[in-house]
Every structure is written in structure tokens, then in C-alpha cells.
Amino acid sequence: SSVAAGCVEGLMRAARREAGLAGSALLLRTLAVNDASHGDVAEELLRDRIDDALLAKDEVCVRRLQPVDESMPVSVKGLTFAISGGTGALGQRTAKHLLERGASRILLLARNPTTVDGCEVYKVDVSSPESVSRFAVEHGSAIDGLIHAAGLCGDGALQSRDLDSLRKALKPKLDGALLLSAAIDAARQACHKPPVQYDVAFSSISSLLGNAGQTDYACSNGGLDARARYLSSVRGRRPRTSLSINWGPWRCGMASLAK
């Protein structure tokens with residue numbers, strides 16, 4: 001799937017960064033294939049290109065970063081938002097920002113809830129289908145927007161990682177986003193409402209540029225990026241604003257705890 005491919009891309013970029021720092025001559029790149037011949041694939045693999053690429057029929061697409069228009073107005077006035085990882089530093093800052101811009105109600109989801117001024121806090125484990133389902137049944141139909149801010153860093157060089165460490169990173173961030181979005185959409189659909197207006201994931205620059213020692217983290221963020229691209233490509237079926245934000249380091253949150 002496109003989400004799985006995004007996970008692989010994120011992981012490979014972090015691994016490529018580690019290999020470069022270690023002085024390795026190993027070349028790591030991802031090549032997505034869409035309706036291309038075996039000959040075209042073989043030709044691309046033999047090129048000196050180091051960029052990750054999408055090989056489609058008669059063309060090779062390479063991703064490039066471009067500046068965005070940050071002035072685009074987005075109105076949240078009167079809307080209700082749910083934020084996973086809501087009692088963390090980023091979740092609380094996001095909640096404050098939304099309230100200042102006119103959001104009427106903020107629901108913070110956390111495994112270990114604590115009191116946050118101006119917000120409702122619920123004990124929800126977004127990696128648990130049962131926990132997410134209970135929350136969605138009770139509150140899902142009233143939610144207009146989702147912010148996926150839950151996550152687990154789990155740093156370590158690639159050779160020290162295994163499937164268990166990868167699953168621990170994927171569960172709160174990627175699995176949690178998939179479960180929460182599906183459950184809230186189902187709750188809204190049951191009340192004859194369209195999907196949420198906003199679905200925003202807090203990803204990381206690590207999935208775009210790679211970061212040594214963060215293969216698990218980059219993998220889960222790469223999945224979030226691919227998920228947002230997929231949702232944006234099927235607007236006719238899911239009329240929402242879908243976005244994955246590749247944040248750099250914050251002065252608070254997980255990055256501030258890195259040694």
C-alpha cells in the first residue's frame with residue numbers, strides 16, 4: 001500500500017544518513033514503480049542517480065522541496081477538535097493555539113490524563129482499537145477536526161533495532177492515526193455527517209531528510225506522510241483537508257529531551 005511504501009521510504013532515509021556518517025559506500029535509495037516495464041526499472045537501477053524516485057510509464061519523478069504559502073487563511077471558529085497525545089507539550093500548545101483562533105471545544109486524548117485549562121481530557125490509548133472505539137461512540141459525531149500528535153521516539157542505530165522496537169514506534173503514531181480517523185469517520189457517518197473537515201498529522205523532518213539513530217521514528221512518520229498524500233488524492237470520497245506537517249526540532253516535546 002502507499003502507507004507501507006511511505007514507511008519504507010522514511011526508514012531508508014534514516015538508514016542512508018547513518019551509512020553516510022559511518023563512511024560506508026553503500027548506496028540506499030527507494031524506487032517506487034507504477035506501470036513501468038521491467039526494462040525501464042533495470043535502466044533506472046543502473047543509473048548514478050542517488051535520489052529516491054517514482055518510476056511511472058515514460059517518466060521518472062523525483063521529489064523536491066518547495067516553499068509553501070503560509071498566509072493561506074484557515075478558519076477554526078466554532079469547531080471541535082480532538083488531539084491525540086493531547087497532554088504532551090506539543091498537544092497543549094496546539095490546543096492553546098486553536099482556542100485562541102476561535103475553536104469552541106478541544107478534546108485531549110492521552111493514556112495518562114492530566115488537567116489542562118480550557119480543554120476536556122479523556123483517557124484514550126489510540127493504539128488500542130477498543131479504547132478508540134469507546135471514545136468515538138461517545139464523542140465522535142461532534143468532532144470536526146483531528147490532530148494526530150501522539151508518538152514515541154525510540155532512538156537507536158539501525159543495527160540495534162528489531163521488529164518489536166519498530167512496532168512500538170508505529171503503534172501510537174501511525175496505527176493510532178489510522179484507528180482514530182476511521183473510528184471518528186464511522187461515528188459521524190452513523191449520524192449522517194460528512195468526514196471531519198481537518199485531519200492533521202504531526203510528522204517529522206526525519207522522514208524527509210533522514211536522521212541517524214531514528215529509523216523507527218522516520219519509518220512511522222513516513223507512513224503518516226504517505227497517508228496524508230493518499231487522503232488528499234481521493235477528495236471526492238473524503239472531502240477533508242488532509243495534511244502531514246514535517247516539523248523540525250521543537251524547544252519542547254520529544255526533541256527537547258534528546259541527548
Side-chain angles (χ1 to χ4, degrees), residues 68-127 131-132 135-136 139-140 142-153 169 171-185 188 195-208 217 220-225 227-229 231-232 240-258:
V68 298
D69 180 8
E70 296 181 358
S71 65
M72 182 177 66
V74 175
S75 175
V76 299
K77 188 174 182 179
L79 300 183
T80 295
F81 282 84
I83 305 177
S84 68
T87 58
L90 302 191
Q92 291 193 46
R93 286 200 174 193
T94 303
K96 181 180 179 181
H97 177 74
L98 290 171
L99 288 170
E100 289 174 348
R101 296 194 63 175
S104 64
R105 187 179 172 204
I106 304 294
L107 285 63
L108 303 182
L109 284 54
R111 288 182 298 174
N112 301 302
T114 185
T115 301
V116 178
D117 291 342
C119 301
E120 303 170 32
V121 183
Y122 297 89
K123 184 174 183 178
V124 180
D125 180 357
V126 292
S127 66
S131 182
V132 170
F135 172 79
H139 307 283
I143 293 172
D144 303 300
L146 294 171
I147 309 290
H148 306 284
L152 179 68
C153 203
K171 275 192 170 185
K173 184 169 279 287
L174 180 57
D175 292 358
L178 293 170
L179 286 171
L180 187 59
S181 290
I184 298 303
D185 276 357
R188 289 180 61 86
V196 294
Q197 295 181 43
Y198 301 105
D199 189 306
V200 180
F202 279 17
S203 180
S204 166
I205 195 67
S206 66
S207 64
L208 287 180
Y217 189 59
S220 57
N221 284 302
L224 285 182
D225 298 343
R227 170 184 172 274
R229 290 194 297 270
L231 292 179
S232 297
R240 71 172 78 202
T241 297
S242 301
L243 184 66
S244 184
I245 304 176
N246 299 94
W247 292 113
W250 285 62
R251 292 181 181 177
C252 61
M254 287 184 289
S256 68
L257 302 177

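- Applying the ring-ring contact (aromatic ring centres under 6.0 Å, His included) test to every pair with at least one member in residues 81-108, sequence neighbours left out, gives no pairs at all.
- For Ser127, the side chain to side chain contact (heavy atoms under 4.5 Å, CB included) criterion is met by Asp125, Lys171, not counting sequence neighbours.
- Taking CG from Leu231 and OG1 from Thr241, the interatomic distance works out to 11.0 Å, rounded to the nearest 0.5 Å.
- Interatomic distance, Lys77 NZ to Arg101 CZ, rounded to the nearest 0.5 Å: 12.5 Å.
- Leu99 has its side chain within reach of Cys119: a pair of non-hydrogen atoms, C-beta onward, lies under 4.5 Å apart.
- With hydrogens and angles disregarded, a donor-acceptor distance shorter than 3.5 Å links the side chain of Ser220 to the backbone of Tyr217.
- Across every non-hydrogen atom of Ser242 and Ser232, the tightest pair is O-OG, 3.3 Å.
- Under the rule for a side-chain hydrogen bond (donor to acceptor under 3.5 Å, both in side chains), the partners of Ser207 that lie at least two apart in sequence or sit in another chain are Asp225, Asn246.
- Taken from CG in Leu208 to OG in Ser203, the straight-line distance is 7.0 Å, to the nearest 0.5 Å.
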Q: Before giving the answer on side-chain contact (heavy atoms from CB on, under 4.5 Å), spell out for His148 and Asp199 the whole-Å C-alpha distance, their side-chain angles and the decisive distance to 0.1 Å.
A: CA-CA 8 Å; His148 306 284; Asp199 189 306; 3.2 Å; yes
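- Residue pairs meeting the salt bridge (Lys or Arg N to Asp or Glu O under 4.0 Å) criterion with at least one partner in residues 142-152, sequence neighbours excluded, are Asp144-Arg188.
- Two residues are said to be in side-chain contact when any heavy atoms from C-beta on lie closer than 4.5 Å; Arg227 and Ser181 meet this criterion.
- Closest of all the heavy-atom pairs between Leu179 and Val126 is CD1-O, 3.4 Å.
- Atom CG of Leu98 and atom CD of Glu100 lie 9.5 Å apart (nearest 0.5 Å).
- Between atom OG of residue Ser84 and atom NZ of residue Lys173 there is a gap of 8.5 Å, rounded to the nearest 0.5 Å.
- The shortest heavy-atom contact between Thr80 and Ala142 is CB-O, 3.3 Å.
- The two atoms that bring Phe202 and Ala149 nearest to each other are CD2-CB, 3.9 Å, heavy atoms only.
- Here Leu224 contributes atom CG and Arg229 contributes atom CZ; the two are 10.5 Å apart, rounded to the nearest 0.5 Å.
- Sorted by first and then second residue, the pairs that involve residues 103-127 and meet ring-ring contact (aromatic ring centres under 6.0 Å, His included), not counting sequence neighbours, are Tyr122-Phe135, Tyr122-His139.
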Expected list for residues 102-109: side-chain donor-acceptor pairs under 3.5 angstrom, two or more places apart:
unit_1, atom_1, unit_2, atom_2, d
Ser104, OG, Gly78, O, 3.2
Ser104, OG, Leu79, O, 3.3
Arg105, NE, Glu120, OE1, 3.4
Arg105, NE, Glu120, OE2, 2.7
Arg105, NH2, Glu120, OE1, 3.1

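- The side-chain hydrogen bond (donor to acceptor under 3.5 Å, both in side chains) test applied to Thr87 returns no partner, not counting sequence neighbours.
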